[in-house]
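Please read the structure below before turning to the comments.
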Amino acid sequence: MGSTTINDALDYLFIHNTGKQDIRDGKVPVIVRGEGDYVFDEGGNKYLDLMAGNTRPNAIGYGREEVAKAMYDQAVKLHYFTPGFFITTPAVQLAKKLASIYPGELKTTCFVCDGSEAVESAFKIARQYHYYANKQRRFKIVSRQMAYHGQTMGALSALGFLNPMRNVMAPLVPGHVFLIPPYCYRCPINLTYPACDLACADALDSLIQFEGPDLVAAFIAETVMQGVGALPPPAGYFDRIRQICDKYGVLLIIDEVIVGFGRTGKMFGCQHYNIKPDIMTMAKQLTAGYAPLGAAATTKKIADAIPAFLHLHTYGNHPVCCAAAMKTLEIIERENLVKNSAEMGKYFLEGLKSLQKHPIAGEARGIGLWCALEIVQDKKKKTPFPAKDAITFQLTLAGRDHGVIFRGMSNALEFAPPLTITRSEVEDGIKALDKALYDVEKKMGYK
Ligand SMILES: Cc1ncc(COP(=O)(O)O)c(C=O)c1O
């Protein structure tokens, strides 16, 4: 029998995306406290958090009193007022601050509660822009296989996995179509970079032709994909994508919900690839998880074309969440956390590469503090383990036994620690992962 909290959770709470049997089997810890880059469960076990809260928002570590204080001060002054028909100052101040650091020509921001709503907002900005430009027929959204854009119905319709999340919720929003992904380790069209000449990006051209250029509103892409663990694009990929979007008047939505605010070692992932998005989505690290906030930003040209943005979420532009974001950004800048992400990210990736001595450790890749390690049954053939082995789940459990939290993502392990991680914590994390790999390999009969 689990603890009272676990039993109550089973009775009274929907735990997102988690099998009830795993909860009953005691494989789902109750986290009660955080401090710096560590969290503690109700049994007193301490874990180095290599996943920044597991969904990756926590850029600045746990227990930041100054963020709590900024939220408290704002709550006492004005905790809430509607995002429409009136204006509140924290949202204006945050939007202005963001405009000063955005990549490309982004300027105007819509604040909502999370990444999924940011993606919905991006789709609405795209549709409304085309509507007012007399291109009302442009409604289709191109996404990519293996893409993740969230859980609300529009965002879910852009989800590029054939998994229960899509299938159980079908029918989804019509008009979503999918491009092949730039997954070089297992190229979907069996080519090799750079000889492929970015055929996976060029496929966008024929897809738009097929779907009807006059019907396509936008192409949405994560800067670095998460579906198989961190997957940076090959060099030149986004240049090609931008050219094709421009050729057909299709808006380019860049989804920076994970990577925005320093995860990749630059403030925005776009800055690695010189991408100039028409619309960009953000969330997670914007408040480091201290408050729920997502955002979609667009250019002056697009914002000016929309006379009144048709959108109204009760908790849009929320004053307390915007205050949390302002303080989070101040900390990221003051403590040079973007630089730390670049430096510690390199060190972390070196550590992962050193683990490729393991028979089941395939490609190690990453950018800044977002890394992945492919787990393979056969290294040469890159064969994944059968699903029934739940290999990445086994590894995450073994990792926890050694005091670290990381995550399984498709056939890979994923790592996205707080941007505050130190050199010695990186070393501890890699050592623990090494042990977890040995444990599981032993269980699976590897020598
Ligand atoms: C790229 C991307 N977009 C959107 C989302 C959805 O964000 P949220 O879970 O905050 O709704 C996520 C969540 O992981 C994401 O990774």
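In listed order, ligands and their atoms are each counted from 1. Heads up: numbering here begins at 1 and tracks the sequence. Every value quoted in this text rests on a predicted model; they were computed, and no experiment measured them.
Of the protein's heavy atoms, K284 NZ, 2.8 Å lies nearest to atom 14 (O) of ligand 1. The shortest contact between atom 15 (C) of ligand 1 and any protein heavy atom is with Y148 CD2, 3.6 Å.
Within the structure, ligand 1 lacks Q151 among the residues with a heavy atom less than 4.0 angstrom away.
Which parts of ligand 1 touch I258 is read off a 4.0 Å heavy-atom cut-off, strictly below it: atoms 16 (O). If you number the atoms of ligand 1 from 1 as listed, the ones under 4.0 Å from a heavy atom of Q226 come out as 14 (O), 15 (C), 16 (O). Distances below 4.0 Å separate heavy atoms of G115 from the following atoms of ligand 1: 6 (C), 7 (O), 8 (P), 10 (O), 11 (O). Below 4.0 Å from some heavy atom of V257 lie the following atoms of ligand 1, by number and element: 2 (C), 3 (N), 4 (C), 5 (C), 7 (O), 12 (C), 15 (C).
At least one N/O-N/O distance between D255 and ligand 1 falls below 3.5 Å. At a 3.5 angstrom cut-off on N or O pairs, E222 does not count as close to ligand 1. Considering backbone and side-chain N/O atoms, A283 never comes within less than 3.5 Å of an N/O atom of ligand 1.
We find that R64 and E335 are joined by a salt bridge, their nearest charged nitrogen and carboxylate oxygen being less than 4.0 Å apart.
Under the rule for a salt bridge (Lys or Arg N to Asp or Glu O under 4.0 Å), the partners of R242 that lie at least two apart in sequence or sit in another chain are D246, D278. A search for salt bridge (Lys or Arg N to Asp or Glu O under 4.0 Å) contacts involving E425 returns nothing, not counting sequence neighbours.
Donor-acceptor pairing under 3.5 Å is recorded for the side chains of Y248 and D205. R240 and Q243 share no donor-acceptor pair across their side chains, judged by distance under 3.5 Å alone. Counted by atom type alone, Y129 and T298 present zero donor-acceptor pairs between their side chains at under 3.5 Å. No side-chain donor-acceptor contact under 3.5 Å links H176 and S143.
At a heavy-atom distance under 4.0 Å, only side-chain atoms of R56, from C-beta outward, approach ligand 1.
The option with the heavy atom closest to atom 6 (C) of ligand 1, from among A221, A118, S116, G294, is S116.
Ring geometry for Y80 against Y315 counts as perpendicular: the plane angle is over 60°, on a 0 to 90° scale with 30° as the lower cut.
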